[in-house]
Amino acid sequence: MKKLLATMLLTAVVASASAKSPKQQSHGYPIDPVPFTSVKVTDNFWGQRLKASREVTIPLAFSKCEETGRYQNFINAAHPSDTIKVGGLAFDDTDVYKTIEGASYLLQTYPDKKLEHYIDSVLVIVAAAQEPDGYLYTSRTMNPKHPHEWAGSKRWEMVEDLSHEFYNLGHMVEGAIAHYQATGKRNFLDIAIKYADCVCREIGDNPGQVVRVPGHQIAEMALAKLYLVTGDKKYLDQAKFFLDKRGYTTRTDEYSQAHKPVVEQDEAVGHAVRAAYMYAGMADVAALTGDSAYINAIDKIWDNIVGKKYYITGGIGATSNGEAFGKNYELPNMSAYCETCAAIGNVYVNYRLFLLHGDSKYYDVLERTLYNGLISGVSLDGGGFFYPNPLESIGQHQRQPWFGCACCPSNICRFIPSLPGYIYAVKDRDVYVNLFMSNTADLDVAGKKLVLSQSTRYPWNGDVNIKVDKNNAGKFTMKIRIPGWVRNQVVPSDLYTYSDGKRLGYTVTLNGTPLTGELKDGYFCIDRQWKKGDQVDVHFDMEPRTVKANNKVEADRGRVAVERGPIVYCAEWPDNDFDVLSVFMNRNPKFEVVEKPELLYGINELVTDAQTLGYDDKGRLTTTDVKLTLIPYYSWAHRGSGAMAVWLPQELSASRPTMPATLASESKINASHMASSISAINDRLVPKDENDRSMPYYHWWPKQGTTEWISYELPQPSTVQSSTVYWFDDAPWGGCRVPKSWKIYYRDSQGQWQPVTGADNYGTVKGAANTVNFDPVKTSAVKLEVTQPAEYSSGLFEWEVK
Ligand code: FUB
Ligand code: ZN
């Protein structure tokens with residue numbers, strides 16, 4: 001990478017910082033953000049994450065962009081040819097833009113000439129890929145005659161479907177603005193403006209234009225930001241156009257949030273990342289235009305998410321089917337999708353709603369997502385990622401260093417470095433302290449400088465010291481968020497409630513004197529003439545709490561989750577020498593908080609007495625007393641693969657006693673296509689019906705129409721005479737269907753596979769037991785051979801052998 005880019009660097013023409021600065025507009029929100037550049041985080045918890053992002057995640061993403069051909073795509077687009085095969089995904093360009101965005105945030109706090117030059121060299125190849133009129137979409141430009149299969153035969157033809165031309169624009173603009181703000185250079189910003197101008201010229205309802213809305217939203221947020229940076233209102237108009245035309249074009253489905261005009265929507269539906277980005281874009285455009293119809297709609301949608309579609313871990317988007325929100329209260333655990341990008345989108349939405357309304361409830365939601373379902377998406381060392389963030393596992397989930405579809409890692413690149421910008425906010429003479437982490441911040445209060453510092457061990461304890469280090473602003477109101485979890489409110493809805501009857505409290509002292517006062521919108525307000533050296537000490541009682549879900553959430557019925565402060569806990573296999581999925585919680589569990597500074601970069605464990613359930617060899621239920629150890633959910637899957645659960649049974653109806661071993665469960669699996677999910681086939685978990693997504697399954701996707709196989713190496717030679725398969729079929733949306741045909745083989749004494757004889761019925765009923773009986777045969781191995789239907793894959797929940 002270095003060689004290639006160094007050569008290009010020589011020819012790089014980089015506009016200088018002295019280029020004419022565009023006119024900055026006001027963001028329009030009633031509350032002013034405090035940019036991350038004004039806040040220096042000195043915190044252990046977050047400092048480690050920021051360091052990992054700087055030292056591992058962003059360098060890794062750049063190297064993956066090179067290694068996987070993402071840079072080559074730009075080079076190819078600069079030299080188009082009708083023989084180039086356009087591969088990858090139609091939005092691979094965005095990983096380059098998003099990584100530059102993250103790196104630009106780093107540059108603002110950690111100036112680094114080498115990194116800056118490196119980015120410049122990447123931008124040379126990006127610029128060369130741009131068509132003369134500004135269009136920049138390598139998936140078409142590198143081979144306009146045979147573009148990417150998602151691209152359509154001409155520009156914008158498939159943009160409401162899969163081409164992602166506007167999605168690429170959105171990420172390009174976001175990256176370019178970050179880069180411009182970090183370096184003062186226009187070499188990326190000018191590319192983005194040229195593409196944005198191309199879109200503004202060609203998309204619209206004037207003669208010669210076409211009316212299109214983004215298939216995947218983000219351009220709305222990005223164009224609103226481009227308006228702020230350039231002062232050119234056409235970008236804001238274009239963002240509004242994209243929102244207002246939604247539902248009025250050929251695309252009218254829920255997946256795309258196009259089933260109704262955006263201002264009439266009141267339920268979160270469809271693809272969760274697209275949805276969250278759209279709601280955030282609606283907030284931005286509403287702030288800038290004063291359009292209250294957008295705000296009414298997103299307020300209702302927020303109620304719907306927080307009341308019915310929000311995981312205890314702060315994740316959104318329940319189902320892999322369309323990477324989408326499920327129905328109300330549909331919150332399965334093992335199959336929870338909870339895409340990392342969707343968690344980031346949820347932070348964007350709640351941050352904006354706070355800036356609009358000033359209520360701490362949005363930060364309660366933001367904090368829950370941030371500390372749990374968002375940072376679970378990246379390993380502690382910054383080099384491994386989760387795309388979905390499930391709440392339960394039998395070991396089929398593992399972090400990966402990158403994905404073919406790398407939206408989540410590259411989103412982590414841009415989110416983590418921007419985190420310090422979420423701590424404070426200012427409105428006139430109100431100073432909001434929204435998040436708790438050690439830091440020093442330079443704030444602007446009514447044009448005057450205020451320097452605050454925080455020192456705390458949050459989230460491990462609830463003591464926060466806030467100090468006024470400098471104050472030229474005189475009188476102001478410090479508004480300290482008192483988190484929902486200390487006010488006995490798990491979430492701002494009845495979706496989750498504490499089930500342990502405890503009452504936590506908090507105290508606030510000013511220079512050692514206790515203060516009292518009513519909360520306003522969830523904030524403890526201290527209004528006074530502040531002086532240098534003033535200190536506020538906040539104490540939040542932090543105790544382990546058990547949480548119950550609304551009874552309408554079937555997946556959590558009879559179970560409790562455990563949290564302490566903002567952290568949600570889980571039971572994971574390395575800390576417990578029993579099957580954590582068979583655990584049974586005591587009625588009133590008492591927890592011990594154990595500090596583990598050496599474990600998982602320093603965590604608090606929670607330890608409690610519990611039981612495990614199982615069956616003895618006569619089939620009788622057995623219980624065993626155990627010490628159950630819980631770790632923070634975000635820190636799971638760092639020590640190999642195995643079982644994990646967030647929601648733990650407290651009622652028998654929800655328990656899962658360990659089933660007696662079976663021939664299949666004791667066998668060694670081999671397959672034509674090995675994947676970590678293969679452990680699903682002999683885990684002794686069978687679906688309730690064809691739609692049951694609460695348990696793992698295995699499939700051969702993306703192989704289609706082929707003949708595939710799985711075999712069991714039996715623990716000892718045994719006589720087998722029947723086999724049962726539970727087929728997975730996700731029609732009509734997914735790509736799996738029951739097989740065209742299937743067959744059981746056994747291994748003969750010469751080591752050859754032979755079909756079993758006398759087979760009665762190879763059934764293909766979805767999600768139910770399909771048992772085939774055959775002539776008994778003694779063997780050391782059996783094989784299941786599956787012929788997949790043409791143009792589809794097949795899959796299964798479970799394969800039993802008797
Ligand atoms: O389509 C671009 C990204 O890929 C989406 O945001 C993710 O959900 C993944 O589908
Ligand atoms: Zn993603």
Side-chain angles (χ1 to χ4, degrees), residues 57 61 64-65 68 70 88-99 101-102 137-139 148-151 158-172 174-175 213-222 251 253-258 268-281 314-326 336-349 369 373-378 384-390 397 399-416 701-702 733-735:
T57 313
K64 289 289 180 188
C65 284
T68 59
R70 280 155 167 81
L89 295 168
F91 50 88
D92 281 350
D93 297 354
T94 61
D95 296 321
V96 177
Y97 307 147
K98 288 156 84 181
T99 311
E101 182 179 342
Y137 179 67
T138 63
S139 291
H148 192 283
E149 57 179 332
W150 292 354
M158 302 274 278
V159 73
E160 297 188 351
D161 191 7
L162 277 173
S163 81
H164 288 76
E165 282 149 298
F166 298 156
Y167 176 77
N168 285 13
L169 168 74
H171 276 301
M172 181 194 297
E174 298 258 342
V213 299
H216 192 313
Q217 300 89 326
I218 192 181
E220 301 81 350
M221 261 192 280
R251 187 96 212 207
D253 56 342
E254 287 200 344
Y255 171 87
S256 295
Q257 299 78 38
V269 292
H271 188 275
V273 183
R274 291 164 203 239
Y277 287 3
M278 182 175 93
Y279 309 147
I316 55 170
T319 167
S320 60
N321 197 347
E323 309 186 301
F325 285 102
Y337 202 63
C338 293
E339 184 178 338
T340 302
C341 289
I344 292 174
N346 195 39
V347 166
Y348 292 162
V349 174
T369 300
L374 192 160
I375 54 171
S376 59
V378 54
F385 306 94
F386 267 142
Y387 190 135
N389 291 271
H397 306 100
R399 290 200 172 79
Q400 308 288 330
W402 193 248
F403 305 103
C405 170
C407 52
C408 297
S410 55
N411 242 353
I412 285 287
C413 283
R414 67 194 198 116
F415 179 77
I416 298 288
W701 173 262
W733 308 110

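When reading the values below, keep in mind they use all heavy atoms of this one structure, side chains included, and skip hydrogens, waters and symmetry mates. Since this is a predicted model, take the numbers as computed values, not measurements. Residues take their numbers from the sequence shown, with the count starting at 1. In each ligand, atom 1 is the first atom listed, and ligand 1 is the first ligand listed.
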Exercise. Side chains of Tyr167 and Cys407: closer than 4.5 Å at any heavy-atom pair?
Worked result: yes
Exercise. Relative to the heavy atoms of Glu339, which atoms of ligand 1 are at a distance of less than 4.0 Å?
Worked result: 7 (C), 8 (O)
Problem set entry | Proximal atoms of ligand 1 relative to Tyr387 (non-hydrogen, under 4.0 Å) | 4 (O), 7 (C), 8 (O), 9 (C), 10 (O)
Exercise. Is the shortest side-chain N to carboxylate O distance from Glu101 to Arg414 below 4.0 Å?
Worked result: yes
Exercise. Which atoms of ligand 1 have any heavy atom of His164 under 4.0 Å away?
Worked result: 1 (O), 2 (C)
Exercise. Where the closest heavy atom to atom 5 (C) of ligand 1 is concerned, which of His216, His171, Glu323 has it?
Worked result: His216
Exercise. What are the atoms of ligand 1, with element, lying closer than 4.0 Å to any heavy atom of His271?
Worked result: 5 (C), 6 (O), 7 (C), 8 (O), 10 (O)
Exercise. Hey, is Tyr277 one of the residues with a heavy atom under 4.0 angstrom from ligand 1?
Worked result: no
Problem set entry | Atoms of the protein (N/O/S only) found under 2.8 Å from the Zn ion (ligand 2) | Glu339 OE2, Cys341 SG, Cys407 SG, Cys408 SG
Problem set entry | side chain to side chain contact (heavy atoms under 4.5 Å, CB included) evaluation trace for Ile375 with Ile416 | CA-CA 9 Å; Ile375 54 171; Ile416 298 288; 4.3 Å; yes
Exercise. Should Tyr255 and Arg274 count as side-chain neighbours, where that means a heavy-atom distance under 4.5 Å?
Worked result: yes
Seminar exercise, completed: Given the options Glu160, Glu165, His164, His216 meets side-chain contact (heavy atoms from CB on, under 4.5 Å) only with His164
Exercise. Tell me, do Leu169 and Ile218 make a side-chain contact under 4.5 Å, heavy atoms counted?
Worked result: no
For this session: Not counting sequence neighbours, which residues clear ring-ring contact (aromatic ring centres under 6.0 Å, His included) with Trp150? List them please.
Result: His148
Seminar exercise, completed: Within 4.0 Å of some non-hydrogen atom of Cys405, the atoms of ligand 1 are 4 (O), 9 (C)
Exercise. Is there a side-chain contact between Phe325 and Gln257, using heavy atoms and a 4.5 Å cut-off?
Worked result: no
Exercise. Just wondering, do Arg251 and Val159 contact through their side chains at under 4.5 Å, heavy atoms?
Worked result: no
